[in-house]
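Let me begin by presenting the structure, written as structure tokens, before commenting on it.
Below, chains carry the letters A, B, ... as their sequence lines are ordered, and counting in each starts from 1. Given the structure is predicted, the values throughout are model-derived calculations rather than measurements.
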Amino acid sequence: MTEKKRKAVGVSMWKLTWRRFRKNKLGMAGLVMLCIIVMVAVLAPVIAPYSPIEQHLEDRLQPPSPKYLFGTDELGRDIFSRVLYGSRIALSVGVLVALISAAIGVTLGLVSGYYGGIVDEVIMRIVDIVWSFPSLILALAIVSVLGPGLINAMIAIALTMWASYARIVRGETLSVREEPYIEAARAIGESDIRILFSYILPNVMSSILVLITYNIPSAIIIASSLSFLGLGAQPPTPDWGLMLSTARTYLTIAPWYSIFPGIAIMFTVLAFNFIGDGLRDAIQPERVG
Amino acid sequence: MVRDDLIIVKDLKKYFPIRAGLFGTKGVFVRAVDGVSLTIKRGETFGLAGESGCGKSTFARLLLRLIEPTAGKVLFDGIDLFSLSKKELRKLRRRMGIVFQDPKSSLNPRMTIYNILKRPLEIHGIGSSKEERLNMIIEILEKVGLGEEHLNRYPHELSGGQQQRVSIARAIITKPDFVVLDEPTSALDISVQAQILNLLVKLQREFKLTYLFITHNLMVLQYISDRVGIMYLGKVVEIMNTRDELNLGKVYHPYTAFLMLSIPAVDIRERRRDKIIVPGEVPSSINPPTGCRFHPRCPFAKEECKSKEPPLLEIRRGHYVACHFPSITEEKLTPYVEERMESIRRLLRGGS
């Protein structure tokens with residue numbers, strides 16, 4: 001009984017953040033958009049009228065019609081079905097890349113900020129090197145070494161993105177490290193590892209979360225660009241970037257072929273950006289207007 | 001008699017390097033603590049006072065080895081604190097605690113009160129089961145004037161006074177011998193200050209704690225401490241016994257006298273009189289003055305004070321002073337200080 005009573009009180013910072021987020025119209029719109037995308041991805045086999053790789057050679061480059069909602073491509077595949085299935089690839093690429101790069105960057109950033117000295121210098125110089133290249137160019141270079149393919153493209157993008165996590169987490173760690181509660185933790189005998197992961201990490205988590213929501217759409221865009229250039233997803237994968245790439249040949253005779261995957265990318269990227277903005281404002285209310 | 005001294009500090013120094021230029025340090029240091037020796041007796045409250053920036057807080061952190069010293073020694077119940085390995089030090093932390101000035105920022109905002117108080121028990125393996133620990137936590141919460149209903153709260157949901165109570169609970173939950181109180185009441189409302197002070201006195205009696213109480217509020221020190229040390233620019237200039245009723249207000253260092261006289265007078269009759277304040281500003285601790293560090297501000301300074309540094313000597317039983325001419329202060333300033341102390345004592349007695 002007391003257990004229940006105890007749960008009633010205790011409003012964590014996350015709950016407060018959620019309360020503020022809920023009031024943000026654009027952020028909530030982003031969240032609804034994301035829910036739609038996730039549902040589409042999960043329910044793709046149910047919604048899609050055709051298999052994404054099923055060819056109807058007699059119906060090539062058909063304009064949108066009740067039979068093919070978004071029209072067909074040069075092999076007569078249903079673009080509507082391909083766009084639906086493409087959401088699975090886009091979401092998994094975005095989320096996986098953001099999580100892998102966050103794992104690398106956050107760990108290095110924490111270590112760099114907490115220990116300082118030589119370790120910090122070395123990590124930060126590597127960050128500078130990674131940052132000095134535009135991420136698409138660097139990803140291109142890494143993929144050309146690893147070889148084309150969706151997995152390699154994801155590795156390449158993660159390797160270009162971790163640096164921003166490292167830099168932001170390092171900066172936040174530097175300031176959190178000086179908080180009296182860190183000194184208090186040391187005074188009760190907490191170990192360094194414990195201080196890093198149970199005291200500093202939760203307090204820099206909000207910035208990491210905001211960065212993740214901004215990085216997911218960038219990852220999707222870079223992955224699409226790599227696919228567009230033939231270095232990411234390989235045919236016949238229903239990847240939005242890949243679809244755009246083939247569609248550009250038919251831009252004048254079959255504009256719907258490029259429009260629908262393009263809209264899908266835009267919709268997904270916008271959803272994450274809206275959420276990111278809302279989250280940032282909810283977490284740092286003092287920085288708003 | 002050795003067993004009576006819980007903390008023995010020998011010639012403790014902490015210099016902070018200042019980064020100058022591209023190639024790091026060029027031998028420029030802030031001498032935050034510059035050769036402090038003193039002992040803190042078991043069960044007493046040792047008060048440490050001084051203006052901001054005189055090295056009080058640095059000294060406190062050194063005593064618990066939260067920072068590494070430049071030179072010197074600290075014996076904690078006979079154990080050389082700076083020779084311990086990381087692991088041994090962590091184990092010894094069970095026997096010491098610290099309470100900071102700002103109650104809000106000394107509690108992890110992402111942890112509930114329950115988790116904040118559970119960690120010291122877990123680290124030091126106190127209590128064998130979850131229930132046992134929960135009971136210990138509730139017990140200590142009640143000791144500091146909070147209750148079970150605060151267990152699952154977050155620090156930001158509590159008031160400043162309540163937050164400071166949690167800080168105190170965290171410091172004493174492992175039943176330590178020694179607790180450093182680094183200006184524990186400075187950030188609180190006046191009414192709450194008194195409550196927290198009373199709580200600290202009560203807890204000290206109950207758990208037989210030894211306190212190092214740091215503050216710049218001399219009124220508070222008069223109330224709570226057994227002995228008081230006055231720090232000036234990284235050095236202790238005077239140590240006196242505040243429980244010595246007969247000699248209360250007998251001071252021998254001009255700086256101590258000025259500090260005491262800067263306590264605002266509460267008595268209307270006294271307020272009319274001209275205020276005596278410490279002349280001048282605290283010099284930089286990067287380049288402290290030669291000789292006696294107080295000489296540029298001291299109205300009684302002589303040639304000797306500019307060149308020769310006065311050692312901390314016992315002038316009376318239990319009373320130490322670092323001044324070449326203690327008799328001048330005794331003669332010229334002590335009467336005023338005694339008068340001020342008397343009025344403060346009247347106030348304290350009348351108030352309670």
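- Of all residues in residues 109-122 of chain B, those placing a non-hydrogen atom less than 4.5 angstrom from a non-hydrogen atom of chain A are B/Pro109, B/Arg110, B/Met111, B/Arg119, B/Pro120.
- Atom OH of B/Tyr154 sits about 6.5 Å away from atom NZ of A/Lys15, to the nearest 0.5 Å.
- Inspection of non-hydrogen atoms places B/Arg170 of residues 166-188 of chain B under 4.5 Å from chain A.
- For CG of A/Leu43, the number of neighbouring non-hydrogen atoms (other residues, nucleotides, ligands) closer than 6.0 Å is greater than 12.
- Heavy atoms of B/Asp102 lying under 4.5 Å from chain A are absent altogether.
- Here B/Arg94 contributes atom CZ and A/Ile188 contributes atom CD1; the two are 13.0 Å apart, rounded to the nearest 0.5 Å.
- Residue B/Arg61 touches chain A through its side chain alone, counting heavy-atom pairs closer than 4.5 Å.
- The local environment of CZ in B/Phe207 is crowded, with over 12 non-hydrogen atoms from other residues, nucleotides or ligands closer than 6.0 Å.
- For residues 156-165 of chain A, every residue pair satisfying the side-chain hydrogen bond (donor to acceptor under 3.5 Å, both in side chains) rule, not counting sequence neighbours, is listed here: A/Tyr165-A/Asn215.
- Counting heavy atoms from C-beta on, the side chains of A/Glu183 and B/Ile98 never come closer than 4.5 Å.
- Of residues 82-92 of chain B, those residues with a non-hydrogen atom less than 4.5 Å from any non-hydrogen atom of chain A are, in numerical order, B/Lys86, B/Arg90.
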- Message: Let's go through B/Asn108 and A/Tyr199 carefully: what are the C-alpha distance in whole Å and the side-chain angles of both, what is the deciding distance for side chain to side chain contact (heavy atoms under 4.5 Å, CB included) to 0.1 Å, and is it a yes or a no?
- Response: CA-CA 7 Å; B/Asn108 187 345; A/Tyr199 288 77; 3.3 Å; yes
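- Between A/Glu179 and B/Ser105, the shortest heavy-atom contact is OE1-CB, 3.5 Å.
- Within the 4.5 angstrom heavy-atom criterion, no atom of B/His150 approaches chain A.
- Heavy atoms closer than 4.5 Å to chain B are found in the backbone of A/Ser198, but not in its side chain.
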- Before giving the answer on side chain to side chain contact (heavy atoms under 4.5 Å, CB included), spell out for B/Leu64 and A/Arg186 the whole-Å C-alpha distance, their side-chain angles and the decisive distance to 0.1 Å. CA-CA 10 Å; B/Leu64 299 187; A/Arg186 220 171 285 138; over 6 Å; no
